[in-house]
A.B. asks: 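I'd like to ask some things about the structure below.
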Amino acid sequence: MLGRLNHIAIAVPDLEAASAQYRTMLGAEVTAPQALPEHGVTVVFVKVPNTKIELLEPLGEGSPIAAFLAKNPSGGMHHVCYEVDDILAARDHLKSAGARVLGDGEPKIGAHNKPVLFLHPKDFNGTLIELEQA
Ligand code: CO
């Protein structure tokens, strides 16, 4: 079921500063900021040869990463995103296996204009998992 690692996401308190650091200190290519109001975040992607790193900062009231940043004020690793071929089949399989899908359980459109879902970190060794239909 599990496909490629699509990205690793890092929550940051200041997206502009983090983007500049990746560009200048690490010499990386960083995409332009993309606001995702439905997810309560603004994101950029850092391109590396074998995957991407998503940097995300809170957007609007009640952002799902606000509490995370309150606990981790300098930022921290937030989730990993794996690709799946069929997100509804993956969801149904995981639910029947006892995993909890966050939110209403329906896929939302993610940063790459593809359906995504998040799985409860307590069900996966303390790691928030995002699934993206490839
Ligand atoms: Co992500």
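The figures that follow rest on heavy atoms only: side chains count, while hydrogens, waters and symmetry mates do not. Sequential numbering from 1 along the given sequence is applied to the chain's residues. Whatever order the structure lists them in is the order used to number ligands and atoms, beginning at 1.
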A.B. asks: Identify whether the distance between the nearest side-chain nitrogen and carboxylate oxygen of R23 and E29 falls below 4.0 Å.
C.D. replies: no

A.B. asks: Under a 3.5 Å threshold, yes or no: a donor from one side chain and an acceptor from the other, between H79 and E54?
C.D. replies: yes

A.B. asks: Is there a path of hydrophobic side-chain contacts, each under 4.5 Å between heavy atoms, that joins M77 and Y82?
C.D. replies: yes

A.B. asks: Distance from L128 atom CG to H78 atom NE2, nearest 0.5 Å?
C.D. replies: 5.5 Å

A.B. asks: Flag the pair E130 / E83 as yes when at least one side-chain heavy-atom distance between them is below 4.5 Å, and no otherwise.
C.D. replies: no

A.B. asks: Counting N and O atoms only, with roles assigned by atom type, does the side chain of E57 sit under 3.5 Å from a partner on the main chain of T42, one being a donor and the other an acceptor?
C.D. replies: no

A.B. asks: Let's test this: below 2.8 Å, count the protein N/O/S atoms around the Co ion (ligand 1).
C.D. replies: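 That number is 4, waters not included.
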
